[in-house]
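Taking it in order: structure first as structure tokens, then the write-up.
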Amino acid sequence: MWKWFHKLASPPHFYRLAATLIPWLAVPGLMLIAYGAYAGLFVAPEDYQQGDAFRIIYVHVPSAYLSMMAYMFMAFGGAIGLIWRMKLAHAVGAAAAPIGAAFTFLALVTGSIWGRPMWGTWWEWGDPRLTSELILLFLYFGYMALRSSIDDTAKADKASAVLALVGVVNVVIVHYSVEWWSSLHQGQTLFKEGGPAMDASMLYPLLAMILGFTLVFGALLARRIRTEVLYRERRTRWVREMILSPEGGK
Amino acid sequence: MVAGLVAVTRRDLLLAWKRPGDVLNPLFFFAMVCTLFPLAVGPSPEQLTFSGPGVLWVAALLAALLSLNSLFLGDHEDGSLDQLLVSAQPLPMLVLGKTLAHWLTSGLPLVLISPVLALTYRMPGNVMGVLMLTLLLGTICLSLLGSIGAALTVGLNRGTALLGLLILPLAMPVLLLGANTVSLAAGNEMYTTGVWALAAYAVAAISLAPYATAAALRISNE
Amino acid sequence: MDAMAMGNYGMYVWSCFGITLAVILISDVRARLRHKQVYREIEVRIKALEERK
């Protein structure tokens with residue numbers, strides 16, 4: 001187990017493994033998304049309350065879910081990097097941040113567009129999920145700003161890992177405090193957990209979308225981690241040999 | 001262990017005594033931000049009563065942020081931060097001492113002058129009490145959160161903008177709890193939930209934040 | 001055509017799906033470009049070092 005773990009964590013091995021992994025994540029991911037989008041848009045029946053507008057759920061929920069998942073990658077990557085001094089884990093954290101910010105942005109935009117026909121406004125402060133997502137986006141911005149203002153990579157890794165960990169605690173507090181706050185102001189949510197059970201023809205496309213988005217996220221993450229690994233290892237022998245070798249290492 | 005904390009706090013308080021500007025400037029800033037709002041939205045009493053809790057809280061948050069930059073900067077420049085780092089005393093305790101001194105010279109004065117500004121917003125006495133209580137708990141949280149941000153950015157010369165970007169998302173729940181608790185009190189509603197939540201936040205921050213700050217200081221000074 | 005109109009919600013639904021597709025594509029392109037850029041910088045440096053030998 002440990003041997004396998006060490007091999008996985010060795011940068012040259014991971015660099016090559018990630019390259020072979022990317023198509024295996026991206027292709028099934030895109031296929032699932034294609035199925036989910038088709039079934040969600042054309043096959044699933046319309047919602048009895050929201051009509052066809054509810055179909056936005058098929059892009060909104062996976063984005064919102066990945067915005068959290070990417071943050072977890074950032075925080076766990078940082079924690080593992082700090083505790084076991086594993087450089088690859090820091091690279092995972094650094095790679096997850098821009099992708100997570102992109103999905104958070106998506107969750108905000110799709111939520112806002114969904115809100116327009118439902119609430120009659122582009123932005124509803126009373127919705128606890130949208131407000132939490134907005135604060136999450138700010139956390140991503142802070143993380144990336146801190147990273148880019150420290151020149152020394154090793155230092156940037158550790159400092160941003162501390163920030164990501166403090167941010168995890170904050171995400172939980174934000175969730176509960178925003179929920180409390182919106183309950184004071186009769187906040188309205190776009191969809192409720194534990195509401196009427198979703199019909200299978202509505203649910204399966206959603207599950208396909210969530211899984212598909214996750215796989216595509218994995219592919220994007222693998223690509224970005226490769227870049228991080230390459231940059232961090234730029235002065236090592238294996239990178240030099242790889243670049244000078246006839247087949248290269250793109 | 002506590003001796004180190006007390007020594008650091010005493011030293012920082014003495015330093016603050018010699019440079020009263022550092023203590024007074026955030027207070028003036030607080031007062032001025034509170035003046036901006038009535039000038040911008042008009043002096044109607046209903047509007048002031050309605051927006052008072054929120055405005056006072058936002059102003060306090062910004063003033064607290066303004067004073068954070070200097071938390072470790074002086075020590076970083078004159079080298080006494082390196083001394084703290086190699087000290088035999090546990091670093092989180094020393095950090096807690098510094099944060100305590102910072103709160104006594106920036107957070108507490110804000111709490112103490114807040115009733116004067118609350119008066120100009122026509123806030124009744126009992127609500128003022130709640131405002132002071134939430135600000136008391138809230139500024140403790142903000143000083144501790146801010147110490148993490150200040151430790152992460154010490155020596156980066158990026159100024160308050162980066163610090164704000166790091167700290168404000170973390171501080172949002174504190175603002176949300178504090179300001180809404182005061183609003184609830186102003187509307188004669190149950191407000192104790194917010195006070196307890198803030199108190200819990202403060203206790204958690206006192207016990208956890210110094211460790212994060214100590215770790216951040218070590219990273220920044222490698 | 002009815003399926004496209006989405007009962008007057010078409011603009012909202014389609015723009016959401018469109019923006020999602022665009023953001024994912026942009027993320028992928030940006031990741032590729034960044035990799036290429038980092039790779040090229042390292043390549044230039046290493047080849048320059050090689051020639052000096």
Side-chain angles (χ1 to χ4, degrees), chain A residues 71 75 78-79 81-83 85 90 101 104 125-126 128 131-185 187, chain B residues 54 141 144-159 161-181 183-184 187 189-191 193-194 196-198 200-201 204-205 207-222:
Chain A
Y71 201 91
L82 281 181
I83 297 168
R85 292 169 197 280
H90 282 307
T104 313
W125 283 107
T131 309
S132 302
E133 283 287 327
L134 185 62
I135 299 179
L136 187 65
L137 185 66
F138 292 154
L139 281 174
Y140 277 116
F141 286 162
Y143 180 92
M144 292 194 284
L146 180 64
R147 225 174 221 298
S148 64
S149 44
I150 307 177
D151 298 325
D152 175 20
T153 312
K155 205 190 233 183
D157 279 344
K158 290 180 203 155
S160 53
V162 170
L163 185 67
L165 285 171
V166 176
V168 165
V169 182
N170 190 58
V171 167
V172 178
I173 299 170
V174 165
H175 176 83
Y176 286 108
S177 58
V178 170
E179 206 118 280
W180 172 75
W181 169 70
S182 70
S183 74
L184 298 178
H185 303 97
Chain B
C141 302
L144 287 157
L145 278 178
S147 74
I148 304 175
L152 285 172
T153 54
V154 67
L156 285 183
N157 298 322
R158 286 298 201 286
L162 176 65
L163 190 58
L165 209 52
L166 302 188
I167 291 305
L168 286 179
L170 301 175
M172 277 174 197
V174 179
L175 169 78
L176 187 153
L177 288 169
N180 284 285
T181 302
S183 292
L184 284 178
E189 287 173 73
M190 261 281 286
Y191 59 86
T193 320
W196 284 114
L198 269 180
Y201 195 117
S207 37
L208 296 175
Y211 290 95
T213 309
L217 273 181
R218 290 210 190 278
I219 291 163
S220 299
N221 286 278
E222 265 172 11

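Letters A, B, ... are given to chains in the order of the sequence lines, protein chains preceding strands, and every chain is numbered from 1.
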Inter-residue atom distance Leu208(B).CG - Ile148(B).CD1, 0.5 Å rounding | 8.5 Å

If you tally heavy-atom pairs under 4.5 Å between each of Val169(A), Leu163(A), Leu165(A) and chain B, the highest tally belongs to Leu163(A)

By ring-ring contact (aromatic ring centres under 6.0 Å, His included) - contacts of Trp196(B) (at least two apart) = none

Qualifying salt bridge (Lys or Arg N to Asp or Glu O under 4.0 Å) pairs with a residue from residues 149-168 of chain A, counting only residues at least two apart or across chains = Arg147(A)-Asp157(A), Asp157(A)-Arg232(A), Lys158(A)-Glu222(B)

Which answer fits Ser183(B), side chain, backbone, both or neither, if we ask what part of it has an atom under 4.5 Å from a heavy atom of chain A?
-> neither

Name the region of Ala197(B), side chain, backbone, both or neither, that has any atom closer than 4.5 Å to a heavy atom of chain A.
-> neither

Test side-chain contact (heavy atoms from CB on, under 4.5 Å) applied to Phe138(A) and Leu168(B), step by step | CA-CA 8 Å; Phe138(A) 292 154; Leu168(B) 286 179; over 6 Å; no

When the 4.5 angstrom heavy-atom criterion is applied to Val162(A) and chain B, the contacting part is side chain

